[in-house]
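Naming: A, B, ... by sequence-line order, numbering from 1 per chain.
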4 protein chains.
Amino acid sequence: MEDIAAELLMTKGALYYYFKNKEDLIYHCHELVLTQAIVAVEQCLHEDLSSLDKLKKAIETHVNFAISEKETFNLIIKPEQTFSADQLHPMLKKRHKYASIFDAIIQQGIDNGEFNITETKIARMMLLGAMNWIQQWYNLEGERTKEEISAIYSEYLSKIVT
Amino acid sequence: MEDIAAELLMTKGALYYYFKNKEDLIYHCHELVLTQAIVAVEQCLHEDLSSLDKLKKAIETHVNFAISEKETFNLIIKPEQTFSADQLHPMLKKRHKYASIFDAIIQQGIDNGEFNITETKIARMMLLGAMNWIQQWYNLEGERTKEEISAIYSEYLSKIVT
Amino acid sequence: MEDIAAELLMTKGALYYYFKNKEDLIYHCHELVLTQAIVAVEQCLHEDLSSLDKLKKAIETHVNFAISEKETFNLIIKPEQTFSADQLHPMLKKRHKYASIFDAIIQQGIDNGEFNITETKIARMMLLGAMNWIQQWYNLEGERTKEEISAIYSEYLSKIVT
Amino acid sequence: MEDIAAELLMTKGALYYYFKNKEDLIYHCHELVLTQAIVAVEQCLHEDLSSLDKLKKAIETHVNFAISEKETFNLIIKPEQTFSADQLHPMLKKRHKYASIFDAIIQQGIDNGEFNITETKIARMMLLGAMNWIQQWYNLEGERTKEEISAIYSEYLSKIVT
DNA sequence: AATGAATGAGTTTTCATTCAT
DNA sequence: AATGAATGAAAACTCATTCAT
């Protein structure tokens, strides 16, 4: 907490003025980014595009978030171990909401014949897993820009569902 | 350390008899699984199969490891933060060796015209990310067997490279 | 301090406008109640009554204070640990003054033959202890009124000195 | 906790090896003394004595504990504010058990005509309050021995119930 | 006269590690 | 080879107090 406070040019005490405890701080960070991401991806779902283009756009959006918000976007592999009962439930709910947008896009594609798979949820988890893994290796000093990365991801990953 | 020892039906002290410290313990766990996985995936590379079938088999192998060795196989998102200089180097080397087997399979497929992509490494990272994400959601009590999961993964993910 | 301020429908800052620090606040609370109690019990001493009736009246007075001013009247078990040198001395002096009124009533009773004990001070401490303990168990929603309680206390406790 | 550990010639860490947290430590201290006191006072109840002598003996016993175990015996004025739900319940139960022994002695005295009061519980609370107040003023360097004090208390306080 | 934000020193708690036996 | 007890450094957390506005 001291280090986080220092990074924000505040003191530990100031941080505790705004957040009940460490868990609460982490919770709100995730909440914030997740809420933004939901809005952004939901927009893709409702645009007037083919299902494939919707998915590609959603992938690009997610990759951009994953790169920009490296630390908070998907850090928490096991939310069950990070959050206590109080905060776990709304967090899981919100995560599920986010996932379900991808599910909806995929389902649309299946229904209109664009996509050719049966396992919607597993496909969605492949997509999210592949994208979240970016934080493993991506670093800003690398040779590729965010835009190049997200273009490659949308091109390659969208093949999973076709 | 206490919890780990308890899980192994030993005491903390006994654990320290066998491992220098916590880092050392984690290192050896990963070392062990990674070494086995390298052997198994290397076998796929050298079998007399098409590149696509080699990749599919490698995917199935990795998925099996990921499910069986949930805790150790890919826990470490950022080895730089887990290992100190001494152990970081060999660990990164071994990880790289593992990754390079997948790279080799993909490169073969590109060279012989089976695969139709240009970004070998990014494709490989998509595959690994998608597969490692399994530990996020897979649980033994689920409705699908390990075999079903790995079949779906090899079918869907191999489409990335084609 | 936050909680105290909230109870008073003010903010912490406002509290510090009126009191130098926490100790000062506590000091003034006690000062206030103790001053009132001294006046009230002194009146009992000077009334034209038998010593027994004086004592009974003093007991009733104290019990009423103890119930009404639950939080401040006798909270401080060890003033030495609560107050610093500056405030400890006047506080102890005032406490002693309060105690000495009870001592005076008891002494009068001994002198005029109404009471039949030798240990004035110990008897006084028994009385005060027994009465102050009320805050332990008394709660407003209980079945007994303040008046009933103080009647029982004056009846039973006055037997100590006879 | 540091200070407590130092007093015991241990380190903070050692204290936490034996007690879950500060509350747990306090709980066990009280538990221990209260258990001993229950045994000791229960003995008074079952001895072959008049009710008055039983009560006097119980008073002497309690006073001895109050003086010897100054810090733990009755420090906690409001257990509700010290203990959390888990430990509050057993603590209140044990406190109640202790109180009920005094109630039993008093009730016996009422039943056999030795005592002449109607308010058993209030009388008991007067006794306990008067006795516990001892810690307010008693100090080892004082002029009176533990035995003298307890003799005076048993003589004076037993008059409450007669 | 009052406030919200911030501080920092102190306290509690955790946990990897050590060590005598 | 193994253990229970103990350590200490670091982390989380609290809270009386200050201060610019």
| field | Dot-bracket encoding of pairs in DNA chain E, which uses [ ] for pseudoknotted crossings and | for another strand, Watson-Crick or G-U under 3.5 angstrom | value | .||||||||||||||||||||
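- Across the protein-nucleic acid pair, Asn21(C) atom CG and dT7(E) atom P stand 22 Å apart, rounded to whole Å.
- Legend: residues meeting side-chain hydrogen bond (donor to acceptor under 3.5 Å, both in side chains) with Tyr98(A), ordered by chain and number and at least two apart, are His62(A).
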| message | What verdict does the side chain to side chain contact (heavy atoms under 4.5 Å, CB included) test give for Lys146(B) and Ser68(B), after you've listed the backbone C-alpha separation in whole Å, the side-chain angles of each residue and the deciding distance to 0.1 Å? | response | CA-CA 9 Å; Lys146(B) 212 161 63 168; Ser68(B) 317; 3.1 Å; yes
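- The CG-C1' distance, from Leu25(C) to dT17(F), rounds to 13 Å in whole Å.
- In this structure, the NZ atom of Lys20(B) is 13 Å from the C1' atom of dT18(E), given to the nearest Å.
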| request: In sequence, state the C-alpha distance, the side-chain angles, and the governing distance for Glu23(B) and Ser84(B), and then conclude on side-chain hydrogen bond (donor to acceptor under 3.5 Å, both in side chains). | output: CA-CA 8 Å; Glu23(B) 186 192 325; Ser84(B) 62; 2.8 Å; yes
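- Remark: P of dC13(F) and CD of Glu2(D) are 19 Å apart, rounded to the nearest angstrom.
- Straight-line distance from the CG atom of Leu8(D) to the C1' atom of dT7(F): 16 Å, rounded to whole Å.
- Partners of Lys94(D) according to the side-chain hydrogen bond (donor to acceptor under 3.5 Å, both in side chains) rule, which considers only residues two or more places apart in sequence or in another chain, are Glu31(D), Thr35(D).
- Using a 4.5 Å cut-off on side-chain heavy atoms (C-beta onward), Phe83(A) and Tyr27(A) make contact.
- At whole-Å resolution of the value, NZ in Lys22(C) and C1' in dG10(E) are 14 Å apart.
- Between His28(B) and Phe19(B), the ring planes lie tilted relative to each other; the angle falls in the 30° to 60° range.
- Residues forming a side-chain hydrogen bond (donor to acceptor under 3.5 Å, both in side chains) with Asp3(B) (at least two apart in sequence, or on another chain): none.
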| Just by protein heavy atoms under 4.0 Å, how would nucleotides 1-6 of chain E read 5' to 3' in B, S and -? | BSBBBB
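- Between the CD atom of Glu23(A) and the P atom of dT14(E) there is a distance of 14 Å, rounded to whole Å.
- Residue order along DNA chain F, read from the 5' end via each residue's closest nucleotide, puts Met1(A) first among Met1(C) and Met1(A).
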| request: With side chain to side chain contact (heavy atoms under 4.5 Å, CB included) as the test, would you mind laying out the steps for Asp24(C) and Asn21(C) before giving the verdict? | output: CA-CA 5 Å; Asp24(C) 188 47; Asn21(C) 53 31; 3.3 Å; yes
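- Remark: P of dT17(F) and OH of Tyr16(A) are 22 Å apart, rounded to the nearest angstrom.
- The side-chain hydrogen bond (donor to acceptor under 3.5 Å, both in side chains) search around Asp86(B) returns none, not counting sequence neighbours.
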